[in-house]
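Take a look at the structure set out below.
Basis for what follows: all heavy atoms, side chains included, without hydrogens, waters or symmetry-related copies. No experiment lies behind these values; they were computed from the predicted model shown.
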Amino acid sequence: RCDAGNPGKIYESIEFVTPWHVLNDPVAENCTLDNLYIGYGGIGVSVGNAGLTVQNCEMAWIGGLIISYSFEDHDGNPRGALRVGGAIGSHADDMTIRNNYIHEIYEEAALVEIFESQKAYTDDLIIKDVLIAENLIYHVGSGLGYFNWDMERNPEMMFKNLVYEDNMVLFTGLNDWLSKNTSCAFAVDGGPNLQEGAVVRNNVFFASRDCLFYLNQYHEDTIADYEGNQYIQFSGYPYLLLNEEQRRYYADEAEYAIRELLGDETGTITTLNSMKWDDLDW
């Protein structure tokens, strides 16, 4: 709150540091974040209300937040400190993320998720009308994706009209301070991921530590429409990981993985003649 007026006009610069969300959940409905630097927090923007637009922003140096400690090993999490932190996480409708520069993020750049627990504070579990476009994403733990954590097909818990287009996702997981979980340029995690109108088109996916694409489960009838993307990966790392089968598709099977499994008949596939990302001295 600033009773003196618009703080953007009163002050030459405004800075603050938070160990949690830079912009807390939920950001107000129909809110636009435009031409901001969002950084140096545990989590960037967490979205629970509809109508958010994030455009023309730089988001950087976010994540690594320690949310718990354990002296015992647990499923999915070893003992010690559990660290998290992404740039944008959403479970809301009518969201646009456009023309942002997102880099040095501990975990994901932009992720849309559905949880069963959301029933406590939402009318339905259908997330619709999300556009993620024209973003430059570099040095993040993982790039883009959508996760539905319902393990069974449920038409009341699904995605509608998710569009990922004209993004550049470069060097995911290829920085020592990033998360050591599975790193990929694009991920579809959880269960069957029922969807209508999900499109991934005209993006550049350039080099990732573990795989360019991560699919926890593969279901031909629920997979998104992949069109005209550029798939560029090191020869020593897979293009696609089907996690449930623990099946990895490397350069020699890239055509099959991209054309047949993802269904991208118009995309281009380029394998870099290197076994390790640091060989290229980028």
Is the backbone N or O of [Y] less than 3.5 Å from a side-chain atom of [X], with the two atoms forming a donor-acceptor pair by type?
X	Y	result
Y239	I258	no
Q233	S208	yes
T266	G228	yes
E29	G51	no
N6	G8	yes
E108	L111	no
N167	E134	yes
E107	G141	no
N135	N100	yes
E156	L125	no

Ring centre gap for Y226 and F205 strictly below 6.0 Å: no
Ring centre gap for F171 and F206 strictly below 6.0 Å: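 They qualify: ring centres under 6.0 Å apart.
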Residues L131, E165; criterion side chain to side chain contact (heavy atoms under 4.5 Å, CB included); working and verdict: CA-CA 8 Å; L131 173 65; E165 64 182 0; 3.9 Å; yes
Give me the atom names and distance for the closest heavy-atom approach of [X] to [Y].
X	Y	value
L33	C57	O-SG, 3.5 Å
R153	T222	NH1-CG2, 3.5 Å
I126	M157	CG1-N, 4.5 Å
R259	G267	NH1-O, 2.7 Å

Non-neighbouring partners of E196 that pass side chain to side chain donor-acceptor pair (under 3.5 Å), sequence neighbours left out: none
All side chain to side chain donor-acceptor pair (under 3.5 Å) counterparts of N243, not counting sequence neighbours: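 N243: side chain to side chain donor-acceptor pair (under 3.5 Å) contacts with Y214, N216, Q246.
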Hydrophobic cluster membership, I127 vs I223, 4.5 Å side-chain cutoff: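 In one cluster with I127: I223, yes.
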Full working for side chain to side chain contact (heavy atoms under 4.5 Å, CB included) between S90 and L52: CA-CA 10 Å; S90 174; L52 177 74; over 6 Å; no
Aromatic ring pairing F147/W149, orientation class (parallel under 30°, perpendicular over 60°, tilted between): perpendicular
Pi-cation contact, Y249 with R247 (under 6.0 Å, within 45°): yes
E255 vs I269 side-chain heavy atoms within contact, under 4.5 Å: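 When only atoms from C-beta onward are counted, I269 and E255 do touch, with a gap below 4.5 Å.
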Any side-chain heavy-atom pair of C184 and D210 under 4.5 Å: no
Side-chain H-bond candidate by donor/acceptor type, N56 with N35, under 3.5 Å: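 No, because no side-chain N or O of N56 sits under 3.5 Å from a partner of the opposite role on N35.
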Between E113 and H91, a side-chain donor and acceptor under 3.5 Å: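 No.
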Which atom pairs, one a donor and one an acceptor, fall under 3.5 Å between side chains of residues 185-193 and the rest of the protein, sequence neighbours left out?
unit_1, atom_1, unit_2, atom_2, d
N193, OD1, N148, N, 3.1
N193, ND2, D189, O, 2.9
N193, ND2, G191, O, 3.0

Neighbour count above 12 (heavy atom, 6.0 Å) for E265 CD: no
Over 12 foreign heavy atoms within 6.0 Å of OH, Y11: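 No, the 6.0 Å shell around OH holds no more than 12 heavy atoms from other groups.
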